[in-house]
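One structure below.
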Amino acid sequence: MPLPTDQDLVTDWKSRPAPLLPLLHAFNDRDGYLSDEALRAVSQGLRIPLADLFGTVTFYHHFSRFPPGTNAPRVCTGQVCRFAGGLELLETMRKDGATPMPCAGRCDEPVPVLTGRSVQVGVTVGEFESRPSPLPVANPGGLEECVFAAIRNPGNDTLEGYRRAGGYSGYEGALGSDPENLLTVITDSGLAGRGGAGFPTGVKWRAVREALNPRPGDDTRAGPKSVVCNADEGEPGCFKDRVLMDHDPHAVLEGMALAGYAAGAEIGFIYLRYEYPETADILDRAITEAENAGLLGENILGSGFSFRIHVRRGAGAYICGEEGSLLNSLEGKHPFPRERPPFPVTHGFENRPTVVNNVETLASAAAIARRGAEWYRGLGAGDLAGTKIISLSGDIMRPGNYEVPFGFPLQTLLNDWAGGPRPGRHIQAVTMAGISGGFLAKEDLDVTLDEPSVRSKGSMLGAGGIMVFDDSRDMLEVAHSCMEFFAHESCGKCFPCRIGTQRLTERLAGAAGPGVLAGWSDEVEDIGSVMKATSACGLGMAAPLITESLMRYFPEQVAAHVEATNS
Amino acid sequence: MSDPSSETTVGSIEVDGKNLNFTAGETILEVTRRHGAVSGEPCKIPTLCYDERLDPFGGCRMCVVELEGSHNPVASCARAAEDGMVIRSSTEAVEKHRKTLLEMVCSENRQVDVDPLSGYASQELKELADRYDARSGRFAGKKSGKSREDDPNPFILRDYDQCISCYRCVRVCAEQEGDYAISVKGRGFDTQITVEFDGHLKDSACTFCGQCVQTCPTGALADRKALRHTEVPGEIEKTRTICTYCGVGCSVDILTKGDSMVGVQPAMDGPANHGALCVKGQFAYDFVQHDERLKTPMIRGEDGELHPTSWDVALDKAAQGFLDARDKHGRHSVYAVASGRAPHEAGYTTQKFIRSGFWSNHIDNCSRA
Ligand SMILES: Cc1cc2nc3c(=O)[nH]c(=O)nc-3n(C[C@H](O)[C@H](O)[C@H](O)COP(=O)(O)O)c2cc1C
Ligand code: SF4
Ligand code: SF4
Ligand code: SF4
Ligand code: FES
């Protein structure tokens with residue numbers, strides 16, 4: 001088959017929703033990189049000014065402007081992989097044009113190497129293989145689960161398999177009754193966002209349902225509203241959404257369709273991180289299955305409700321997990337975060353009311369619609385409602401995804417469920433919320449896994465990524481790699497984060513800054529406090545938790561570092 | 001600025017103990033500035049990425065203010081006023097953050113003090129650095145931005161060593177000029193103002209209107225023509241006038257040092273242009289003090305050369321020329337094309353001259369498309 005021409009590609013995508021990213025990917029898939037001619041064709045075809053398009057393309061670190069582009073391997077040098085041989089691997093692969101990439105969401109199985117549309121894992125050259133995402137082990141505490149309840153069933157990733165465990169029955173039930181009933185169930189279940197911010201899901205869906213269309217003069221409630229599944233999962237140390245999408249894709253689709261029905265939306269997008277190419281195929285296959293079964297499409301099951309889902313791949317930008325940035329990215333704009341308020345529930349995709357939910361939130365909603373609010377609430381410990389997936393990785397015997405009840409003790413997870421540290425080692429620190437919650441160490445490891453407990457230590461649970469570092473690790477090195485990540489991913493919109501992440505990285509590297517501890521701490525604290533208070537989005541607010549917790553738990557290591565910088 | 005007590009008022013906010021009413025869609029900063037302008041106690045909230053003509057952006061965070069009930073301070077330039085908000089604009093904590101931000105900004109720049117000829121807003125960073133005593137040398141580290149002084153155009157200096165990534169230039173080009181000639185490349189500390197493929201302005205969609213230069217708060221984008229006069233002694237004086245190039249009537253400030261004209265800046269409050277100009281109004285002023293500029297009327301003599309003369313002689317000569325042509329070739333041998341640069345009055349006079357002077361309606365205007 002002859003390769004498609006520029007014009008073929010443009011014509012193919014031009015009239016579809018959110019066309020910029022998939023069109024650029026189409027050129028990328030054809031050529032391996034984005035040439036000047038490609039950008040000119042896209043600019044003309046989608047009527048995006050060339051300078052603007054050029055700027056936007058350079059924002060994404062997986063878009064290459066020159067060959068070999070996507071054909072050159074990218075080696076994960078994330079916080080876990082760098083200690084698992086990632087740095088050495090990168091060096092040996094440099095001759096193949098390999099470059100580093102930040103955490104690629106496979107910390108349970110280091111080290112991922114991404115080439116073209118495939119991810120391979122391994123530590124030594126010649127021993128790589130493509131493998132499905134590891135399944136979670138059977139719940140070590142024998143506790144009842146929500147999102148992992150059926151995930152280990154063979155064939156669960158097919159429509160038939162998903163149905164066997166009751167899949168889509170909640171959806172079918174909902175379609176036969178008033179959306180109000182569904183909203184009530186979700187609200188009563190206590191389900192809150194699993195993407196980090198913990199906003200009550202029922203409240204969000206209702207806000208979109210009730211939002212008037214912000215187009216001037218148009219005050220109907222109907223209007224094209226959307227549901228966006230946030231599958232960007234860019235947070236280092238988080239790989240929970242990947243396992244859900246890979247092994248339970250229909251749960252995510254069902255959750256989206258439920259959100260669509262409850263909120264009155266007709267169109268859904270899955271914004272999937274670039275580093276999960278195989279997942280895109282799995283989702284596309286599941287969508288086709290669901291469409292063929294009449295579960296997605298027009299007038300679903302005769303209910304009058306229509307809903308379609310489109311997968312859109314990102315292109316390498318952590319900030320595109322932040323919902324405003326994500327929406328700008330979907331719309332083909334420069335992916336800076338948006339000022340809030342207004343929020344996506346009123347001004348989302350193309351300025352229309354939009355539900356943005358994390359993968360895990362949506363998969364949970366599917367289970368709740370099937371089994372009820374009461375059941376879900378009961379899964380949490382004490383008064384806390386429901387469960388949370390924790391992605392556990394690093395210096396721990398059994399890394400992987402674990403579904404725990406909210407309120408579960410961290411120490412039990414680390415030592416009983418996951419086998420504790422390597423023999424002869426002890427846990428020096430763990431990161432929280434991926435790395436956005438900074439470190440917990442020492443007696444603060446006695447927290448329970450829920451926001452009130454973790455936040456009382458100045459950290460947060462967030463999306464539930466926890467990386468473990470034992471006493472063999474240099475915490476300055478860990479902190480530096482975390483801050484380097486934030487600096488690499490800072491979008492550059494706001495001053496405190498754009499300059500602050502850079503300055504903190506330099507100070508953690510010993511590359512700049514006062515050589516006296518008091519002066520060093522002064523600068524680091526002032527930068528941290530201005531970032532926390534004034535940054536335009538969560539990235540800049542969270543980044544200084546790294547330095548803050550480093551200085552709190554490891555003052556001697558910090559002092560030695562400054563001393564060494566000085567000499 | 002409209003009357004704050006006008007009937008479009010939809011509510012009021014309290015800023016530093018004063019109740020200020022606001023109109024639909026106004027931001028906290030706009031409300032505070034509008035009232036400040038009227039009360040004679042100007043609003044002191046500092047800004048760097050803000051240009052009142054542009055959509056709120058919220059980049060520099062200099063304008064943050066404390067809002068009761070909000071955990072973090074909010075960007076007053078981007079936050080719409082809501083009835084009952086209680087705001088403190090300059091608490092100690094907020095002022096400390098502003099100073100830290102400025103110290104951070106100074107640390108990324110190679111130079112904070114730039115020649116005021118650079119552009120209309122070029123002193124904004126310098127003035128804030130003075131006000132907050134921010135040249136402390138704290139937060140030393142890598143500098144940001146990479147100068148493109150190699151761009152060969154005669155008008156705009158692209159000295160991004162001085163750039164603080166406020167993106168006012170990019171936004172003014174898109175929102176005011178509608179040109180989208182420049183954009184932001186890369187991200188984080190490495191962002192860089194660019195045109196497509198890192199090229200030169202002359203190969204881009206740029207029309208050299210100069211608006212990016214005039215909104216730049218640091219002189220990173222600077223008026224190359226004006227900067228030729230850096231060494232001319234004397235203070236810069238501004239004289240408000242109207243651009244003579246066309247009938248739009250853009251207000252401009254002519255910059256002079258002593259008797260020399262050293263530059264042109266658009267009037268931000270010009271009713272016809274709100275700070276916009278075109279390449280001619282902005283940059284094409286060298287004729288004013290050009291050596292070869294005509295200063296008296298000239299008549300071509302028998303010798304074929306031009307000779308200075310008086311207006312009376314010159315006008316008589318021209319009138320005679322018109323009459324001779326009419327007598328020899330008839331009234332339709334004379335027609336007029338009015339200049340697009342001419343205001344209404346001059347256009348009117350031109351058609352009158354042809355219609356009642358020659359009994360002809362052969363008239364046109366050069367800007368007829
Ligand atoms: C820097 C940054 C990155 C984020 N990345 C993600 C992400 O990868 N996935 C996600 O679901 N939410 C992410 N979020 C949170 C989203 O902005 C948003 O709150 C979430 O998608 C809402 O869904 P939920 O209510 O179901 O959690 C991120 C936020 C920030 C500030
Ligand atoms: S905090 Fe960082 S990532 Fe967020 S808007 Fe500011 S610069 Fe961008
Ligand atoms: S001179 Fe005018 S057109 Fe050119 S980049 Fe600046 S604002 Fe845009
Ligand atoms: S060139 Fe000037 S206006 Fe443009 S981003 Fe830099 S400092 Fe701001
Ligand atoms: S003036 Fe408000 S953020 Fe810059």
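All heavy atoms count here, side chains included; hydrogens, waters and symmetry mates do not. Here is how names work: the chains are called A, B, and so on, in the same order as the sequence lines, proteins then strands, and each is numbered from 1.
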Structural part of B/K96 lying under 4.5 Å from a heavy atom of chain A: side chain
Segment of B/I193 engaging chain A (4.5 angstrom heavy-atom cut-off):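 Contact with chain A: none, neither part.
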Salt bridge flag under 4.0 Å for residues B/R61 and A/E339: yes
Separation of [Y] [atom2] from [X] [atom1] (nearest 0.5 Å):
| X | Y | atom1 | atom2 | value |
| --- | --- | --- | --- | --- |
| B/E108 | A/I499 | CD | CD1 | 4.0 Å |
| B/I182 | A/F54 | CD1 | CZ | 13.5 Å |
| A/Q502 | B/D190 | CD | CG | 7.0 Å |
| A/R340 | B/R79 | CZ | CZ | 10.5 Å |
| B/S183 | A/H334 | OG | NE2 | 8.0 Å |
| B/L102 | A/F495 | CG | CZ | 9.0 Å |

More than 12 heavy atoms of other groups within 6.0 Å of B/K143 NZ: yes
A/Q44, CD atom: more than 12 neighbouring heavy atoms under 6.0 Å: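 12 or below, so no.
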B/S107/A/R503 under side chain to side chain contact (heavy atoms under 4.5 Å, CB included): CA gap, chis, key distance, verdict: CA-CA 10 Å; B/S107 79; A/R503 291 291 179 259; 3.1 Å; yes
In the structure I gave you, are the side-chain heavy atoms of [X] and [Y] within less than 4.5 Å of one another anywhere?
| X | Y | value |
| --- | --- | --- |
| A/P49 | B/E196 | no |
| A/D526 | B/E103 | no |
| B/M104 | A/V530 | yes |
| B/R187 | A/K493 | no |

Contact part of [X] toward chain B, heavy-atom cut-off under 4.5 Å: side chain, backbone, both or neither?
| X | answer |
| --- | --- |
| A/M531 | neither |
| A/T501 | neither |
| A/S529 | both |
| A/R65 | side chain |
| A/F486 | neither |
| A/I319 | neither |

Heavy-atom pair with the smallest gap, counting every atom of [X] and [Y]:
| X | Y | answer |
| --- | --- | --- |
| A/A533 | B/P73 | O-CD, 3.4 Å |
| A/E506 | B/G141 | OE1-CA, 3.4 Å |
| A/P496 | B/C60 | CD-O, 4.2 Å |

Check: A/K532 side chain, B/N72 main-chain N or O, donor-acceptor pair, under 3.5 Å: no
Please rank [options] by heavy-atom pairs under 4.5 Å with chain A and give me the top one.
| options | answer |
| --- | --- |
| B/C49, B/S144, B/G59 | B/G59 |
| B/A174, B/A181, B/C166, B/P56 | B/C166 |
| B/D179, B/V195, B/L101 | B/L101 |
| B/A80, B/G188, B/A78, B/A93 | B/G188 |
| B/K185, B/R138, B/H71 | B/R138 |

Residues of residues 197-218 of chain B with any heavy atom under 4.5 Å of a heavy atom in chain A: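 The residues closer than 4.5 Å to chain A, in numerical order, are B/F197, B/D198.
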Among the listed options A/C497, A/A512, A/P341, A/A511, the residue most often paired with chain B at heavy-atom distances under 4.5 Å: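 Top option by heavy-atom pairs under 4.5 Å: A/P341.
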Just list the side-chain donor-acceptor pairs under 3.5 Å for residues 518-525 of chain A, sequence neighbours left out, or say none.
from	atom 1	to	atom 2	distance (Å)
A/S521	OG	A/L517	O	2.9
A/E523	OE1	A/R507	NE	2.8
A/E523	OE1	A/R507	NH2	2.8
A/E523	OE2	B/F139	N	3.0

